[in-house]
Asks: 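Could you have a look at this structure, given as structure tokens, before my questions?
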Amino acid sequence: MIPIRPTFATLVQGTLMGGALGDAFGYLVEFDSLADIAAKYGPSGLVDLSQSGAPAHFSDDTQMTLYTLDGLLDVLEWANDGVGADVNACQWLAYLRWLKTQGVPAPSHAPEQPPRWIDAQSVLHHQRHPGNACITGLATGEMGTVARPVNPDSKGCGTVMRSAPYGLLPNVDAETVYKMSSDAASLTHGHPAARQSSGAFSWLIHRLVIDGLPLREAAVSARDRAAAEPAADPELMARLDAALALSAPPLGTHDGAPLSGDSLTDALGLGWVAEEALAVALYCVLATEASSVSPVEHFLAAIRLAANHSGDSDSTASIAGNILGALYGEAALPPSWMTMAEAPQLVRHLGAEFIKLTTGQ
Ligand SMILES: [Mg+2]
């Protein structure tokens, strides 16, 4: 039987919503150690979104991802009017509008764009632990570039976790996606690892969604693109190589189960910085693929692994959710989780705008 490839539309919506669900799940335990998680949710840890017992809020990861998408919508709207807008400038304007949602004014010398549809969505105005470098980098009012970085030493995962939408662009080659994503990382974070991790993540999403590569092949391709960088960040390469090696079947753990909890974060890092967040998320998705019999089962296994550790659980689970959605489309989204998701119609509306502007449908 020839497998039916998911449609572009469902891959777009799955990437966005998969990230939002992973983010909401991980956000329940973002600042908890493994011991805290066990104390709150029992020895098996956090297993299901329903354990929150309250509305499952997404965090700054999803809020910023949607603003990345809105920056691209702005570019696409200009393009449909026959105007070639500067992608990174549109992205900067979008993130400056995001800054305002967090109650932080930009200095008077920063450009100010008229409000767009997204800016009126109140659910995006809640402060859900936005990353420090994202706030301070934008609050300088200076457009960070690779040559003139803001926050030159910052490599927090605030870059990677917002960068899936670049990978969704059709009719653009992977190299262009890599550049867009890494240039946008420089708007807030100056460290090369932040740029390169974002570029590699968007590249991975693009290889899955646009090129339809199998998961491991896409992951190896992203690793190889990162390695091709003239000054490839050694930490990023070490983490990506470890994620690929440790997730290769058969899994090397004593019982054949994936690394989890402390052994996961001991091997790949806690995920607070860009390259660790990408590596942990990628490992969780790769290591659970072979043992999962359906997209939903794969999603649940990977997201549980990605959230139940002492590190940056919402970002690692959000990135893992993006990857799973890019692999399967909406088939990855657990139906019961969708009933608990925050503002799914908002995510869906922005996804539909993107699909319309890129495909005309
Ligand atoms: Mg967060």
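For this chain, numbers begin at 1 and follow the sequence in order. Read the numbers this way: they start at 1 and go in the same order the structure lists the ligands and their atoms.
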Asks: Checking H125 now: which residues fulfil ring-ring contact (aromatic ring centres under 6.0 Å, His included) with it, not counting sequence neighbours?
Replies: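 Expected list: none.
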Asks: Counting only heavy atoms not in W272, do more than 12 sit closer than 6.0 Å to its CH2 atom?
Replies: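 Counting neighbours around CH2 of W272, more than 12 heavy atoms of other residues, nucleotides or ligands fall under 6.0 Å, so yes.
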Asks: May I ask you to establish whether R225 and Y178 are in a cation-pi arrangement, using a distance under 6.0 Å from NZ or CZ to the six-membered ring centre and at most 45° from the ring axis?
Replies: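 Ring-cation test returns yes.
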Asks: Under the criterion side-chain contact (heavy atoms from CB on, under 4.5 Å), which of T316, V273, L240, L268 is the partner of L278?
Replies: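 Answer to the side-chain contact (heavy atoms from CB on, under 4.5 Å) test with L278 among T316, V273, L240, L268: L240.
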Asks: Tell me, do R116 and E77 make a side-chain contact under 4.5 Å, heavy atoms counted?
Replies: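 Counting from C-beta outward, R116 and E77 do come under 4.5 Å.
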Asks: Mind counting the protein N, O or S atoms sitting less than 2.8 Å from the Mg ion (ligand 1)?
Replies: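 Total protein N/O/S atoms under 2.8 Å from the Mg ion (ligand 1): 4.
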Asks: Is it true that the NZ or CZ of R304 lies under 6.0 Å from the centre of F299's six-membered ring and within 45 degrees of the ring axis?
Replies: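 Verdict for F299: no cation-pi partner in R304.
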